[in-house]
Amino acid sequence: MIEALGLWAMHRIDPETAHGLTLKALNAGAVPLDDVFTSSRLRTQVAGLALPNPVGLAAGFDKNAVALGPLARAGFGFVEVGAATPRPQPGNPRPRLFRLSEDRAVINRFGFNNEGAEAIARRLSTRAPGPVVGLNLGANKDSADRAADFATVLRLCGPFVDFATVNVSSPNTEKLRDLQGAAALRGLLAGVMAERDALERRIPVFLKIAPDLDRAELSDIAGVAAEAGLGAIIATNTTLSREGLKSGHRGEMGGLSGAPLFEKSTRVLAQLSALTEGRLPLIGVGGIASAEDAYAKIRAGASAVQLYSALVYGGFSLVGRIARGLDGLLRRDGFASVAEAVGSGRDEWL
């Protein structure tokens, strides 16, 4: 009841203001949170990281790592913060976040607004032991060398996180997605992996890709990822598509996330799973709002999943409901673990 009232109130104010208030409420202990639900079926490993369950928080919710304490108690198996850029930047002008309630979706055009890698590194350096925490790496909009920006953020923040994600798939920084091309991506990852290898503790590096890629582009990315020794690919970021939307905000510029992204992102996930033949872990993101959605991503090829937009409509209790429901679905179908279920339904999406 408390959560339902809170969601009702938040949906009556500007969404970006509501988001900021949610972070404050989390830190004040005013948001009801579930403990992490785990079981022998849900415990899994991704790129050497031990997860109590495979349900993670996607980047973008806690851009500046200001709510790590409460998020560690919110039921997630792992948490990703950021994106962080080397220098602070304000992002794009407001309004830049829109609820599409009729579509259970969100459009954002934030543009990597954050307080900069040094401020974020200070917060990460003081986090208490707990769940796996990763950082999404970004580039400054006005940077003369965006590829070098990713390595810079990793150098500053890498000692304090368990994994790092190269984000070349945000649609809200002009020409950023050009870095997904094979040649550009190969050079970018070489710099990032060299910086990773220089860290005292070698952490896995992930790559987050867009859903608006064709099979040839996905094949190139899979090849470069294997060459570079990446730990996983996160599929996918937001989409530029507006197909089938009903909301009055459907014409806003930016990346679309939420329920309408589910099918597109899951098809990309399944294609990547086929291309990599299970040799590279995949993390499924896009439109997950139920245990059934999470299970579909796993069966399409994901070793773990992430969500964010669904929290706007379902609140934090959704995390525990998904984890418990996923455990039940695995048990129903005779899977002893998440790993056993990965890719078992991939052909349904190809």
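Computed over heavy atoms, backbone and side chain alike; hydrogens, waters and symmetry mates excluded.
Proximity of a side-chain donor or acceptor of Asp212 to a complementary backbone N or O of Leu240 within less than 3.5 Å is detected. Checking side-chain atoms of Ser143 against main-chain N and O of Asn140 turns up no donor-acceptor pair under 3.5 Å. When atom types are taken as modelled, the side chain of Asp162 and the backbone of Val133 share a donor-acceptor pair closer than 3.5 angstrom. The main-chain N or O of Phe112 is found under 3.5 Å from a side-chain atom of Gln89 such that the two form a donor-acceptor pair. Panel note: side chain Thr38, backbone Pro52; a donor-acceptor pair is recorded below 3.5 Å. Counting only distance, with no hydrogens or angles, the side chain of Arg346 and the backbone of Ser273 share a donor-acceptor pair below 3.5 Å. Counting only distance, with no hydrogens or angles, the side chain of Arg201 and the backbone of Val161 share a donor-acceptor pair below 3.5 Å. Using modelled atom types, no side-chain atom of Arg12 and backbone atom of Ala9 make a donor-acceptor pair closer than 3.5 Å. The main-chain N or O of Ala336 is found under 3.5 Å from a side-chain atom of Glu340 such that the two form a donor-acceptor pair. For Arg109 (side chain) and Pro95 (main-chain N/O), a donor-acceptor pair under 3.5 Å exists by modelled atom type.
When Thr236, Ile233, Leu213 are each tested for a side chain to side chain contact (heavy atoms under 4.5 Å, CB included) with Leu272, only one passes: Ile233. Among Asp327, Leu326, Leu329, Asn53, the one residue that satisfies the side chain to side chain contact (heavy atoms under 4.5 Å, CB included) test with Arg41 is Asp327. Among Asn136, Thr85, Asn64, the one residue that satisfies the side-chain hydrogen bond (donor to acceptor under 3.5 Å, both in side chains) test with Asn114 is Thr85.
Taking the side chain as every heavy atom from C-beta outward, Val268 and Ile209 approach each other to under 4.5 Å. Looking at Ile203 and Leu49, their side chains never come closer than 4.5 Å, going by heavy atoms from C-beta outward. Between Arg73 and Leu26, the closest side-chain pair of non-hydrogen atoms is not below 4.5 Å. With contacts defined as side-chain heavy-atom distances shorter than 4.5 Å, the pair Ile13/Leu21 qualifies. In this structure the side chain of Leu256 reaches within 4.5 angstrom of the side chain of Leu245, judged on heavy atoms. The shortest distance between side-chain heavy atoms of Val342 and Thr44 does not fall below 4.5 Å. With contacts defined as side-chain heavy-atom distances shorter than 4.5 Å, the pair Asp62/Val79 does not qualify. Between Glu195 and Leu199, every side-chain heavy-atom pair lies at or beyond the 4.5 Å cut-off.
Hydrophobic clustering places Val166 together with Leu154 (ILVMFWY residues linked when any side-chain heavy atoms are closer than 4.5 Å, directly or through intermediates). Two different hydrophobic clusters hold Phe206 and Leu156 under the rule that ILVMFWY side chains link at heavy-atom gaps under 4.5 Å. Linking Ile, Leu, Val, Met, Phe, Trp and Tyr whenever their side-chain heavy atoms come within less than 4.5 Å leaves Val132 and Leu137 in two separate clusters. Leu57 and Phe160 fall within the same hydrophobic cluster, defined by Ile, Leu, Val, Met, Phe, Trp and Tyr side-chain heavy atoms under 4.5 Å apart, directly or through other members. Hydrophobic clustering (ILVMFWY, side-chain heavy atoms < 4.5 Å, transitive): Val285 and Leu261 are in distinct clusters.
Sorted by first and then second residue, the pairs that involve residues 308-332 and meet ring-ring contact (aromatic ring centres under 6.0 Å, His included), not counting sequence neighbours, are His11-Tyr313, Phe61-Tyr308, Phe61-Phe316. Pairs engaging residues 64-105 under the ring-ring contact (aromatic ring centres under 6.0 Å, His included) rule: Phe98-His249 [sequence neighbours left out]. A side-chain hydrogen bond (donor to acceptor under 3.5 Å, both in side chains) check over residues 18-32, counting only residues at least two apart or in different chains, returns nothing. The list of ring-ring contact (aromatic ring centres under 6.0 Å, His included) pairs with a residue in residues 29-60, not counting sequence neighbours, is empty.
Across all non-hydrogen atoms, the minimal contact from Ala74 to Leu33 is CB-CD2, 3.9 Å. Nearest heavy atom pair, residue Val153 against residue Ala84, reads CG2-O, 3.6 Å. Among all heavy-atom pairs drawn from Ala65 and Ile120, the shortest one is CB-CG2, 4.2 Å. The heavy-atom pair separating Leu135 from Cys157 by the smallest distance is CD2-CB, 3.3 Å. When all heavy atoms of Ala259 and Asp103 are compared, the pair lying nearest together is CB-O, 3.7 Å. The two residues Leu23 and Ala67 make their nearest non-hydrogen contact at CD2-CB, 4.0 Å.
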request  = Take Glu348 and Arg299 through the salt bridge (Lys or Arg N to Asp or Glu O under 4.0 Å) test and state the conclusion after the steps.
outcome  = CA-CA 9 Å; Glu348 298 169 19; Arg299 294 187 68 246; 3.4 Å; yes

message = Pair Leu230, Met193 - check side-chain contact (heavy atoms from CB on, under 4.5 Å), show working.
response = CA-CA 8 Å; Leu230 291 182; Met193 298 306 279; 4.1 Å; yes

task = Start with the C-alpha gap between Leu124 and Leu68, add the side-chain angles, then the distance that decides, and say whether side-chain contact (heavy atoms from CB on, under 4.5 Å) holds.
result = CA-CA 8 Å; Leu124 289 168; Leu68 284 171; 3.7 Å; yes

task = Take Arg123 and Glu115, measure what salt bridge (Lys or Arg N to Asp or Glu O under 4.0 Å) needs, and give me the verdict at the end.
result = CA-CA 11 Å; Arg123 295 191 186 107; Glu115 295 175 11; 2.6 Å; yes

query = Are Asp142 and Arg87 close enough, and set up right, to give a salt bridge (Lys or Arg N to Asp or Glu O under 4.0 Å), and what steps lead you there?
reply = CA-CA 10 Å; Asp142 60 353; Arg87 291 174 284 107; 2.9 Å; yes

message = With side-chain contact (heavy atoms from CB on, under 4.5 Å) as the criterion, how do Arg324 and Asp34 come out once you've worked through the C-alpha distance, each side chain's angles and the decisive distance to 0.1 Å?
response = CA-CA 11 Å; Arg324 289 178 175 85; Asp34 287 338; 4.2 Å; yes

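Rounding to the nearest 0.5 Å gives a distance of 8.0 Å between CG of Asp220 and CZ of Arg186. Here the CG-CG distance, from Asn108 to Asn92, works out to 9.5 Å after rounding to the nearest 0.5 Å. Interatomic distance, Leu97 CG to Asn113 CG, rounded to the nearest 0.5 Å: 10.0 Å. To the nearest 0.5 Å, atom CD1 of residue Ile221 and atom OG1 of residue Thr276 are 12.5 Å apart. Distance CZ/Arg99 to CE/Met10: 9.5 Å, rounded to 0.5 Å.
With hydrogens and angles left out, the side-chain atoms of Ser265 and Lys297 include a donor and acceptor closer than 3.5 Å. A donor-acceptor contact under 3.5 angstrom links the side chains of Asp293 and Ser290, judged on distance only.
Between Asp149 and Lys141, no side-chain nitrogen of the basic residue sits less than 4.0 Å from a carboxylate oxygen of the acidic one, so the salt-bridge criterion is not met.
Applying the side chain to side chain donor-acceptor pair (under 3.5 Å) test to Glu16 and every residue at least two apart in sequence or in another chain returns Arg94, Arg96. A search for ring pair (Phe, Tyr, Trp, His ring centres under 6.0 Å) contacts involving Tyr295 returns nothing, not counting sequence neighbours.
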